[in-house]
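Structure, as structure tokens:
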Amino acid sequence: MSLTIDPATLTASAAADAIAAGTLTAEALTRACLDRIAARDAEVGAWAFLDPDLALVQARAADRSAPRGPLHGVPVALKDIIETFDMPTQCNSPIHAGRRTYADSAVAALIRAAGGTILGKAVTTEFANRHPGATRNPLDPTRTPGGSSSGSAAAVADCQVPLALGTQTSGSMIRPAAFCGLWGYKPSFGEVSRVGVFQQSGSLDTVGLCARSLEDVQRLRAVLTRIPYDPIAPLDRAPRLALCRTPEWSEASPAAQQALEEAARRCEAAGATVTDLTLPSPTFDGWLKVHQRIANFEGARNFGHERHGHRHLISKALGEGRIRDGETTPVAAYVDAQRRAEAMRLWADDALAGFDAVLTLSAAGEAPVGLSGTGSATFNSLWTMLYTPCLTLPFGKGPAGLPLGLQLVSERHEDERLFAAAGWVAAVLAG
């Protein structure tokens, strides 16, 4: 590896390969990340907890040991709702300030078992909801990085860490990845363990990740699902693609609409079959309310400790929003929402089986100006509720020159099909 390359700018895969080849050490990589953080994080604000000495101890231990897996020596950031035994997990709330647990979350343990190190905890919105944290978009600090995995996306985009874990209940992984110009991945529901992750909605919460390449996404996914890491090749044929604008198409910016249409045109010109996919009525009527009803009902009960013992420390946005709505939702309405959601999933299982991937929007547009909100999750919540695997990749620019995202979706539990299709699409769009 050339000495002129800053190790912090390497993708996780390139860094892991260099460490395995003996041309880079885990300590040098970690020091480069820490130097980048020291230079940049006063502006970006991506970290909720960072102990440089602890990070270097882990890196030196990796350098002393034999290779343990596909992430050997590579630092990873964890959203600050994901527990580790050696760092606090504070959920961006004074209720949990300084809280430490006795054990790693399952995903933290799997990363360590694969030779990876935990660099620190990335900022989240309050309890992974909508009340923002301190993080700013590294591409334009006057704009939101998205939520709730805000620190995770900002840290990776700013080359402060190669990989980061986040979570998605509505759009909290795909949207910030899109706003920050990254690859973002939400797995099929249930494929990645949530043990040791603060729960908001047991029916919707999904651990996801962001990275700077598709290969990095596949590498970390293999670690989190305990399967052998074997990069998935792009399709050797033109894919069958569906173009889904969703009923909320009018809420997207003209630039986002044009980017999606352009992506579909390029894929079709390269040989893909592109078919319009419309969500049928009445099955999908009011789908957003169905998602909200499930998330709010479950959230109000999962926040039992916080709302009964510390309600005065909960933000107004959360306490009078999701929690209040969930408290007043009757059980019968929740059960009806669950039944409707499953009917939508069954329709999607049949409809998506005929396609390699769906092309749709990652967000309504580029990251909006201001830090008081995190942007709309409307273009993500549907796919979260359908339990489908989702990827976002950067494609196009908004009027301010910031990245737009193209979201690809496949049938649930067909994550590897999604990766193969995404590799083909990304190659076409880069050509």
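All values reported here derive from a predicted model rather than from experimental measurement.
Between Arg99 and Glu83 there is a salt bridge, with a side-chain nitrogen of the basic residue lying less than 4.0 Å from a carboxylate oxygen of the acidic one. A salt bridge does not link Glu306 with Arg322: none of the charged nitrogens is closer than 4.0 Å to a carboxylate oxygen. Note on Asp17 versus Arg219: salt bridge recorded, some NZ/NE/NH1/NH2 to OD/OE distance being below 4.0 Å. By the 4.0 Å N-to-carboxylate-O rule, Glu261 lies close enough to Arg245 to be salt-bridged with it. Classification of Glu262 and Arg265 as a salt-bridged pair holds, one side-chain N sitting under 4.0 Å from a carboxylate O.
Between Leu29 and Gly73, the shortest heavy-atom contact is CD2-O, 3.8 Å. Closest of all the heavy-atom pairs between Pro145 and Cys180 is O-SG, 3.8 Å. Residues Ala272 and Leu241 come closest through the heavy atom pair CB-CD1, 3.9 Å. Taking each heavy atom of Ala420 and Ala233 in turn, the nearest pair found is CB-O, 3.6 Å. Heavy-atom minimum distance, Ala8 versus Arg36: CB-CB, 4.5 Å. Residue His413 comes nearest to Pro389 through the heavy atom pair N-CD, 4.2 Å, listed as atom of the first residue, atom of the second, then distance.
With Asn137 contributing its side chain and Leu139 its backbone, the two residues share a donor-acceptor pair below 3.5 Å. Not a single donor-acceptor pair under 3.5 Å links the side chain of Ser148 to the backbone N or O of Thr125. Using a distance-only test at 3.5 Å, with no hydrogens or angles considered, no donor-acceptor pair links the side chain of Gln90 to the main chain of Phe49. At least one donor-acceptor pair closer than 3.5 Å links the side chain of Arg194 to the backbone N or O of Gly202. Remark: side-chain polar atoms of Arg266 are paired, donor with acceptor, to backbone N or O of Leu429 under 3.5 angstrom. In this structure, the side chain of Arg143 engages the main chain of Ala367 through a donor-acceptor pair within 3.5 Å. Judged by distance alone, with hydrogens and angles left aside, the side-chain atoms of Lys186 form a donor-acceptor pair with the main-chain N or O of Thr388 at under 3.5 Å. Of the possible donor and acceptor atoms, none in the side chain of Asn380 sits under 3.5 Å from a partner among the backbone N and O of Ser172. Side chain of Ser410 to backbone of Asp356: a donor-acceptor contact under 3.5 angstrom is found. A donor-acceptor pair is defined here as one N or O able to donate and one able to accept, closer than 3.5 Å; no such pair exists between the side chain of Glu215 and the backbone of Ser13.
Residues Met87 and Leu54 form a side-chain contact, since some pair of their non-hydrogen atoms from C-beta on lies under 4.5 Å apart. Contact of the His131 side chain with the Leu318 side chain is not registered, since no non-hydrogen atoms from C-beta on lie closer than 4.5 Å. Looking at heavy atoms from C-beta onward, Val425 lies in side-chain contact with Leu406 at the 4.5 angstrom threshold. Here the side chains of Leu214 and Phe419 are in contact, with some heavy-atom distance below 4.5 Å. Side-chain contact between His291 and Ser170: present, with at least one pair of heavy atoms (C-beta onward) separated by less than 4.5 Å. At least one side-chain heavy atom of Leu220 sits less than 4.5 Å from a side-chain heavy atom of Leu165. For the pair Thr144/Pro368, a side-chain contact is recorded, criterion being any heavy-atom separation below 4.5 Å from C-beta on. The side-chain heavy atoms of Ser93 and Leu313, taken from C-beta on, include no pair separated by under 4.5 Å.
Using a 3.5 Å distance cut-off with no hydrogens or angles, the side chains of Glu248 and Thr378 do not pair a donor with an acceptor. Counting only N and O atoms by type, the side chains of Ser376 and Glu251 include no donor and acceptor under 3.5 Å apart. Using modelled atom types and a 3.5 Å distance limit, the side chains of Tyr185 and Gln168 yield no donor-acceptor pair. Defined by atom type and a distance below 3.5 Å, a donor-acceptor pair is present between the side-chain atoms of Ser188 and Asp415.
Distance check, rounded to the nearest 0.5 Å: CD of Glu27 to CG of Asp63 gives 6.5 Å. Going from atom CG of Asp205 over to atom CD of Gln199 covers 6.0 Å, rounded to the nearest 0.5 Å. In this structure, CZ on Phe85 lies 5.5 Å from CG on Asp104, to the nearest 0.5 angstrom. For the atom pair Cys91 SG and Lys121 NZ, the distance stands at 8.5 Å (nearest 0.5 Å). Here the straight-line distance linking atom CG of Leu224 with atom CD1 of Ile111 works out to 5.5 Å at 0.5 Å rounding. Interatomic distance, Leu24 CG to Leu10 CG, rounded to the nearest 0.5 Å: 6.5 Å.
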**OP:** Could you walk me through whether Trp249 and Leu260 pass side-chain contact (heavy atoms from CB on, under 4.5 Å), step by step?
**Re:** CA-CA 11 Å; Trp249 181 246; Leu260 180 61; 3.5 Å; yes

Subject >> Residues Arg212, Leu182; criterion side-chain contact (heavy atoms from CB on, under 4.5 Å); working and verdict >> reply: CA-CA 6 Å; Arg212 295 195 292 270; Leu182 298 172; 3.9 Å; yes

Original post:
Going through the checks in order, is the side-chain hydrogen bond (donor to acceptor under 3.5 Å, both in side chains) test met by Ser152 and Lys79?
Top reply: CA-CA 6 Å; Ser152 297; Lys79 184 176 182 176; over 6 Å; no

**OP:** Go through Thr206 and Met173 one step at a time and tell me if the side-chain contact (heavy atoms from CB on, under 4.5 Å) criterion holds.
**Re:** CA-CA 9 Å; Thr206 308; Met173 193 73 263; over 6 Å; no

Original post:
Can you list the steps and then say if Arg31 with Leu56 is a side-chain contact (heavy atoms from CB on, under 4.5 Å)?
Top reply: CA-CA 7 Å; Arg31 284 191 182 278; Leu56 290 169; 3.6 Å; yes

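In this pair, Phe198 and Phe303 present their aromatic rings tilted. The plane angle is within the 30 to 60° band.
Annotation: cation-pi geometry satisfied between Arg301 and Phe297 (NZ/CZ under 6.0 angstrom from ring centroid, within 45° of ring axis).
Considering Leu119, Thr30, Asp53, Thr117 as possible partners of Gln58, the one that fulfils the side chain to side chain contact (heavy atoms under 4.5 Å, CB included) test is Thr117.
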